[in-house]
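For reference, the structure is listed below as structure tokens.
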Amino acid sequence: MLPALLIAPALVSVPAYIGPGAGFALGGSFLFALAGILLAFLAVLAWPVRVVIRSLRGRGRLKNAKARRVVVLGLDGLDPIITKKMMDEGQLPNLIRLKDDGGFRPLGTTWPAMSPVGWSTFATGVDPSGHNIFDFLSRDKATHMPVLSSTRLSAKPARKIGPITLPGGGHKFELLKRSKPFWKTCAEAGVESSILRIPITFPPDKFGGKMLSAMCVPDLRGTQGTFSHYTQPGLKIEEGRTTGGVRMDLEPNGDNRWTARLLGPDKPDGTGSMEAVITVTVDTAARKATFTLAGETFTLGPNEYSGWIPVGFGGGTQKAHGICKIRITDFEPGFSFYVSPLHIDPRQPAMPISNPPHYAMALSRLQGRFATLGLAEDTWALNERVLDEQAFLDQAYSIHEERKAQFFHALDRQPEGVVSVVFDATDRIQHMFFRYLDADHPANRGKDTETHKDAIFDLYRKADELVGETHAKMGKNDALLVISDHGFKQFKRGVNLNSWFRQNGYLFLKTDPAEGPLPEIPAGERREVEDIDWPRTRAYTNGLAGYYVNIKGREKDGCVAPEHALALKNEINDKLRGLPDPDKDSEAITELWASEEIYRGPYRENGPDAIVGYKPGYRTDWDAAVGAVTSTVISDNTRSWSGDHCMDPRQVPGVLFSNLPFAATRPNLTDMAPSVLDLLGLEAPGHMTGRSIFRDDDAAAASEVTP
């Protein structure tokens, strides 16, 4: 029998945005690719009929439309304070022009302020309690373990045509985002749309438009991105856990020749990982190395990436196809090289990463292979100092150029409807280079502080160039919105609420005595979720948004009676509000909000019980984000990931630019979906809580949603 796509869930130490996550080991893409080709053929046959139907369905909206085409350019994380400062200095001429033509305002973000939440709100016009995405991570109520918030794997009956089993049987990915995004409303009205790399679109929506999925598309190993780093045996590698990747020794294979084993998806029998062999011959004097991988041979020197290299694992109809890039990291004192995470090959995808399924394949044929991983820029390779800053910038801007080609392809071929895209470089580069803006940042210790001191400003200038290039492709009846989901601040100190809960009697480890002082956790060590004594624990955290109460009947081993939960939350919030940082003579937390104070939607029970508003400069620390407990409540953040936005949402608004004047004085992300529909002459569905920014009425002019 022809096998279907095989997918198995796995959880590793640091999930989702903050590292490899609840992932999926996979195999087999032949049938999926075949199905995609057949669907493409059927789409060509049906095209004339679809054009006529779309024309008839869309005719009624034209009399109310303010624009023939709406283009939404998402620049993830673009900060209004930096933007305004640079505009005042005349450094961002295209954004200045956009402001003068239409308008510019800070854009209210979501509670909490993070990309999966914000872009889901952008898509649906509702807050997290209406679309069910509250964080990068959620918690499994049965195990308390952190799990990916956006995607779930479940069993699915096999589909057959006669003796042939079609792809997709056996397992099913479910997108956990709820509510209806604006592009589905457009499709129902016969309005064309191209939705490119907007976060939380995996698996892709099935609708009458085009989509390339983004965050949380896994890599071929089933994680949210696992790099590989190979070194000559005997080289000293920094001790401790490696987050986001694996480090392996090269195997000698003759004079100046080495062999590396690239780990792929799990074997079907569960006995380990499939492997691909990399051979490399090193010419140290010439500072060059020749690699052979999957039948391709190429030579690299210092400071250059290979192109995308297709790599297959397995055989026959169970062969899984990925792509990767290689970069030499050192010739001396010993040879070493980096291999990027194994992205799903868009030319032969092992699972749907676009709608229609052949869309990614067609783009790959037209433009070459491209990054498909949801979190494509390898922030953990820089955090772990496997890549240096220049290597990271080269990677981020290469992906940026791929995205631009996809965006312009859609703009050039779709003269009406909506084209919406999100560029990630503005977010990822700020995360990794914000320390350069503050000489006293703890992350500067032992690192360069001069070479890339202008990286953030160069990034904003490059974003402005993109706005100019986009504007040049606009017609006179086109509307252009440039938005970001949040802004940015320094991330200098991390807060471990689990440690605070333990010190204040709300959380206990299994080894903690019933009475008396608690034993110290040694410095540098942490206790994991499975070490927590849940029947005694009343409050806990994971993810980056807030904390949970361990409620009886809701969580396994819950110990807080439901009728006592609100009083406990109020007690904890009162204690945490203004939490002092004794080492810095400052407060770490400015405000907390109980979920019932800010959420009214049907999914509010799935989110944290309280949202924590950290003071700028502070954020959940790396250990608490995965539910771990340490001995320290507040500590320095020394990672290259030095800027962030997971703090008091009032301090990190995004930006909104429009080439058309708008009425709203306090626009919010909830307003974006209704505004797009309004521009196209469509009524917003009743579930949307935002209002069009282009409607000149009191409700639209003061639509910001705040607790």
Side-chain angles (χ1 to χ4, degrees), residues 17 74-79 82-83 86 91-92 115 197 214-215 225 227-229 244-245 300-308 323-330 336-341 343 370-407 422-439 441 443-444 446-467 469 484 488 490-491 638-645:
Y17 199 43
L75 299 172
D76 196 303
L78 205 73
D79 181 76
I82 297 176
T83 299
M86 294 183 70
Q91 296 191 58
L92 306 177
S115 294
R197 294 293 291 186
M215 185 189 295
F227 67 81
S228 302
H229 191 223
L300 297 177
N303 305 319
E304 61 178 318
Y305 281 98
S306 70
W308 286 114
I323 56 173
C324 64
K325 288 189 175 185
I326 292 177
R327 185 179 177 111
I328 296 168
T329 51
D330 270 309
S336 63
F337 65 92
Y338 157 89
V339 181
S340 73
H343 295 229
F370 54 84
T372 59
L373 182 64
L375 299 164
E377 298 84 0
D378 200 346
T379 56
W380 272 110
L382 179 52
N383 267 341
E384 296 289 338
R385 310 308 297 176
V386 168
L387 294 179
D388 60 19
E389 280 75 13
Q390 188 58 55
F392 180 82
L393 286 172
D394 291 346
Q395 183 188 72
Y397 281 129
S398 174
I399 294 167
H400 176 87
E401 292 301 316
E402 292 176 353
R403 190 79 40 86
K404 186 165 72 172
Q406 295 159 3
F407 176 41
V422 172
F423 285 81
D424 298 322
T426 40
D427 178 83
R428 308 300 189 265
I429 291 174
Q430 288 191 94
H431 274 304
M432 309 310 290
F433 288 80
F434 230 67
R435 65 182 180 84
Y436 282 92
L437 304 182
D438 185 345
H441 200 298
N444 284 331
K447 301 186 185 79
D448 165 72
T449 58
E450 288 294 322
T451 305
H452 301 286
K453 64 183 179 181
D454 293 327
I456 299 293
F457 306 116
D458 291 341
L459 171 69
Y460 276 65
R461 285 186 283 266
K462 195 169 187 68
D464 185 74
E465 291 174 7
L466 176 62
V467 171
E469 292 175 273
S484 66
F488 255 87
Q490 295 287 353
F491 168 30
T638 59
R639 296 188 187 275
S640 295
W641 184 296
S642 51
D644 216 286
H645 43 82

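Note that the coordinates shown come from a computational prediction; the quantities given were computed from them, not determined experimentally. When a residue number appears, it is its place in the shown sequence, counting from 1.
- Side-chain atoms of D424 and R403, non-hydrogen and from C-beta on, do get closer than 4.5 Å to each other.
- If you take OG on S642 and CE on M432, they are separated by 7.0 Å, rounding to the nearest 0.5 Å.
- What you find for L382 and L387 is that their closest heavy atoms are CD1-O, 3.3 Å.
- Between the side chain of S398 and the backbone N or O of D394, no donor-acceptor pair lies under 3.5 Å.
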- Task: Test side-chain contact (heavy atoms from CB on, under 4.5 Å) on F407 and E469 and set out the steps.
- Result: CA-CA 11 Å; F407 176 41; E469 292 175 273; over 6 Å; no
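- Looking at heavy atoms from C-beta onward, L92 lies out of side-chain contact with V467 at the 4.5 angstrom threshold.
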- Going through the checks in order, is the side-chain contact (heavy atoms from CB on, under 4.5 Å) test met by F491 and W641? CA-CA 8 Å; F491 168 30; W641 184 296; 4.0 Å; yes
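- Shown here for L459 and A425, the closest heavy-atom pair between the two residues is CD1-O, 3.8 Å.
- Between the side chain of S228 and the backbone N or O of V339 there is no donor-acceptor pair closer than 3.5 Å.
- With sequence neighbours excluded, the residues satisfying side-chain hydrogen bond (donor to acceptor under 3.5 Å, both in side chains) with T329 are H229, S336.
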- Task: Check step by step if side-chain contact (heavy atoms from CB on, under 4.5 Å) holds for I429 and F392.
- Result: CA-CA 8 Å; I429 291 174; F392 180 82; 4.2 Å; yes
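- K462 is not listed as a side-chain neighbour of F423, based on a closest heavy-atom distance of 4.5 Å or more.
- Within the 4.5 Å cutoff, the side chain of Y436 has no heavy atoms near those of the I456 side chain.
- Here the shortest heavy-atom pairing between A391 and R327 reads CB-NE, 3.3 Å.
- The CG atom of L393 sits 11.0 Å away from the CD atom of E377 when rounded to the nearest 0.5 Å.
- Residues W308 and E402 have side chains in contact (heavy-atom distance under 4.5 Å, counting atoms from C-beta outward).
- Salt-bridge annotation for R461 and D464: absent, with no side-chain N of the basic residue lying under 4.0 Å from a carboxylate O of the acidic one.
- Using a distance-only test at 3.5 Å, with no hydrogens or angles considered, no donor-acceptor pair links the side chain of H343 to the main chain of A371.
- For R639 against N383, the heavy-atom pair with the smallest separation is CB-OD1, 3.4 Å.
- At distances below 3.5 Å, not a single donor-acceptor pair connects side-chain atoms of E389 with backbone N or O atoms of H452.
- Using modelled atom types, no side-chain atom of Y460 and backbone atom of Q91 make a donor-acceptor pair closer than 3.5 Å.
- Shown here are the side-chain hydrogen bond (donor to acceptor under 3.5 Å, both in side chains) partners of T426, two or more places apart in sequence or in another chain: there are none.
- Contact between M215 and L375 at its shortest, heavy atoms only, is CE-CD2, 3.7 Å.
- Within the model, atoms CD1 of I323 and OG1 of T372 stand 5.5 Å from one another, a figure rounded to the nearest 0.5 Å.
- With values rounded to the nearest 0.5 angstrom, Q406 atom CD is found 5.0 Å from F370 atom CZ.
- No hydrogens or angles considered: nothing links the side chains of R435 and T449 as a donor-acceptor pair under 3.5 Å.
- Residues L300 and F337 are not in side-chain contact: their nearest non-hydrogen atoms beyond the backbone lie 4.5 Å or more apart.
- Note that NZ of K325 and CD1 of I399 are 7.0 Å apart. Values are rounded to the nearest 0.5 Å.
- Below 30°, between 30° and 60°, or above 60°: for Y397 and H400 the angle between ring planes is above 60°, a perpendicular geometry.
- Residue I82 comes nearest to D79 through the heavy atom pair N-OD2, 3.1 Å, listed as atom of the first residue, atom of the second, then distance.
- In terms of modelled atom types and a separation under 3.5 Å, the side chain of E384 and the main chain of G245 share no donor-acceptor contact.
- Taking the six-membered ring for Trp and the full ring otherwise, H431 and F488 have centroids separated by under 6.0 Å.
- To the nearest 0.5 angstrom, D427 atom CG is 10.5 Å from L78 atom CG.
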